[in-house]
Engineer: 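Shown below is the structure under consideration.
Position 1 is the first residue of the sequence; numbering continues from there.
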Amino acid sequence: MDKKDEIILRQLDVIRSMSENNLNRMNEDFWGAPKPTGGTAAKDEKKAPPTATSGGEGGEKKEEELPPPEKIEDLKAELDSYIGLAEIKKEVNNLINMATVFKRRQEAGLPTTDFSLHMVFTGNPGTGKTMIARLMARIYRSLGILSKGQLVEVDRSGLVAGYVGQTAIKTQQQIQKSIGGVLFIDEAYALNGRSENDFGQEAIDTILKAMEDHRDDLVVIVAGYDELMEKFIHSNPGLESRFNRYLHFEDYTTDEMIGIFKLQCKKGCYQLADGVESEVREFIEESNDDGITFGNARGVRNIFEQILTEQANRLAALSEFTKDDLMTITVEDVYHARGMEYDKPMPVPEEAPQEEAAAEPQEEADGQPEQPAEALEDKPEEETEE
């Protein structure tokens, strides 16, 4: 069997699988899921909660019970505690206020305008896009907009398959996981067709359909670099109409990255010795040629881990060390993490003893040097001899 025949067989197998799934789905749509007809099985069905689903090996697998929604005040406080992100915090608070009023109008039976919760996050790596997406899922659940509040993070490889008919299935699986929460697609611009035989457009079409079918319980957030995401959104009228809310994530400043480094130290119970903070600042500045290659908060985390590696190497060379040693990051650790040699400072020479200082001649009050005691004792003897 040559490679061409093998590909054809795989495609036929995929088509057969899809046909079986479609027939089963149609059967359930028309006639409903099969129910037990009597006996203990019927009794068990009455006892089972409506959310129970059939599990593997003939058993039943219940859906996990969700924790209660978090208080919106606590989520706002968490948002305020994040380092930097001033504009993002402002936009998120605007979204919270709009979503709150939108939900209240629905509950009051008042008409509501179309309010899109889908968003485009633009910015360099490590600027907090995933962190804010996860927080938004929790906020929307707190407001009662989403039923579960989970975040499902994927990229092109998690959506696009290599054979005809498989991409829609693969994408649909990720969508099913995301219902009730947020589907977060990182580097979404990569879904744009790279060639005539590329299946990225199939994934986009499947996502757009799901956004319409599950508009009440699914939020899609796409993320990536500024220019590439702008081209991606404007390349498809369906994307352009559904994504009309943009949040741009600025690069962190050096002071903000120092704050992130110190926060990492605080979480890990580490303390900085004298002079370490200035050395870390230089390390960050020389590494951060631009936000893309360094990675902002991601780059700070990498620097933190490099320094901890050098601290471990230093301590491992000691015969014994204390708890304080385990918690302390030194200038030597930062130097070695930067690939630099560290010359330990020379010890400061001790001051001269007090006795030698007292031996120096002292001036009397009238400006004349004080005579030694021996000279005073000899003077009377000279007078008697005369």
Engineer: When rounded to the nearest 0.5 angstrom, what distance separates OG1 in T122 from OH in Y225?
Structural biologist: 12.5 Å

Engineer: If you look at every heavy atom in A99 and L143, which pair is closest and at what distance?
Structural biologist: CB-CD1, 3.7 Å

Engineer: Residues in side-chain contact (heavy atoms from CB on, under 4.5 Å) with K90, at least two apart?
Structural biologist: E87, N94

Engineer: side-chain hydrogen bond (donor to acceptor under 3.5 Å, both in side chains) with D155: which residues, sequence neighbours excluded?
Structural biologist: S157

Engineer: Quick check: is M98 connected to L79 through a chain of hydrophobic side chains (ILVMFWY, heavy atoms under 4.5 Å apart)?
Structural biologist: yes

Engineer: Show me the pairs that pass salt bridge (charged side-chain N to carboxylate O under 4.0 Å, His left out) and involve residues 272-283, at least two apart or across chains.
Structural biologist: D255-R281, K262-E277, E279-R338, E282-R338

Engineer: Is there a donor-acceptor pair closer than 3.5 Å between any side-chain N or O of S178 and the backbone N or O of G181?
Structural biologist: no

Engineer: Check whether any side-chain heavy atom of V300 sits under 4.5 Å from a side-chain heavy atom of I258, and report yes or no.
Structural biologist: no

Engineer: Could you verify whether a donor N or O on one side chain and an acceptor N or O on the other, from N97 and T100, lie under 3.5 Å apart?
Structural biologist: no

Engineer: Checking N244 now: which residues fulfil side-chain contact (heavy atoms from CB on, under 4.5 Å) with it, not counting sequence neighbours?
Structural biologist: S116

Engineer: I would like to know whether R104 and V101 meet side chain to side chain contact (heavy atoms under 4.5 Å, CB included); could you show each step before the answer?
Structural biologist: CA-CA 5 Å; R104 293 286 176 85; V101 174; 5.6 Å; no

Engineer: So does V220 get a backbone contact from the side chain of H118, meaning a donor-acceptor N/O pair under 3.5 Å?
Structural biologist: yes

Engineer: Sequence neighbours left out, what passes side-chain hydrogen bond (donor to acceptor under 3.5 Å, both in side chains) with R138? Give chain and number order.
Structural biologist: E70, E78

Engineer: Report the residues that fulfil side-chain hydrogen bond (donor to acceptor under 3.5 Å, both in side chains) with K129, sequence neighbours left out, ordered by chain and then residue number.
Structural biologist: T127

Engineer: Atom CD in E256, atom CD1 in I284: separation rounded to 0.5 Å?
Structural biologist: 11.5 Å

Engineer: State which residues pass side-chain contact (heavy atoms from CB on, under 4.5 Å) with A133; sequence neighbours excluded, sorted by chain then number.
Structural biologist: F121, L151, F184, I221

Engineer: So, does N296 use its side chain to make a donor-acceptor pair with the main chain of P125 at under 3.5 Å?
Structural biologist: yes

Engineer: With sequence neighbours excluded, what pairs up with D343 under the side-chain hydrogen bond (donor to acceptor under 3.5 Å, both in side chains) test?
Structural biologist: none

Engineer: Measuring from L85:CG to Y252:OH, what's the distance to the nearest 0.5 Å?
Structural biologist: 4.0 Å

Engineer: Any side-chain to backbone donor/acceptor pair from Q150 onto K177? Under 3.5 Å, distance only.
Structural biologist: yes

Engineer: Is the backbone N or O of P69 less than 3.5 Å from a side-chain atom of S142, with the two atoms forming a donor-acceptor pair by type?
Structural biologist: no

Engineer: Enumerate, atom names and distances included, each donor-acceptor pair closer than 3.5 Å involving a side-chain atom of residues 263-273, sequence neighbours excluded.
Structural biologist:
residue : atom : partner : partner atom : Å
Q271    : NE2  : D324    : OD1          : 2.7
Q271    : NE2  : T328    : OG1          : 2.9

Engineer: Rounded to the nearest 0.5 Å, how far does CG of D186 lie from CD of E153?
Structural biologist: 6.0 Å

Engineer: Which residue pairs satisfy the ring pair (Phe, Tyr, Trp, His ring centres under 6.0 Å) criterion with at least one member in residues 76-114, sequence neighbours excluded?
Structural biologist: F102-F115

Engineer: Return each pair, listed once, that meets salt bridge (charged side-chain N to carboxylate O under 4.0 Å, His left out) where at least one residue sits in residues 199-225; pairs must be two or more places apart or across chains.
Structural biologist: K209-D213, E212-R215, E212-R242

Engineer: Enumerate the ring pair (Phe, Tyr, Trp, His ring centres under 6.0 Å) contacts for residues 325-345, please, sequence neighbours excluded, ordered by first and then second residue.
Structural biologist: Y335-Y342

Engineer: Tell me whether the count of non-hydrogen atoms from other residues, nucleotides or ligands lying under 6.0 Å of CD in E286 goes above 12.
Structural biologist: yes

Engineer: State, to 0.1 Å, how close A203 and L191 come at their nearest heavy-atom pair, and which atoms those are.
Structural biologist: CB-CD2, 4.3 Å

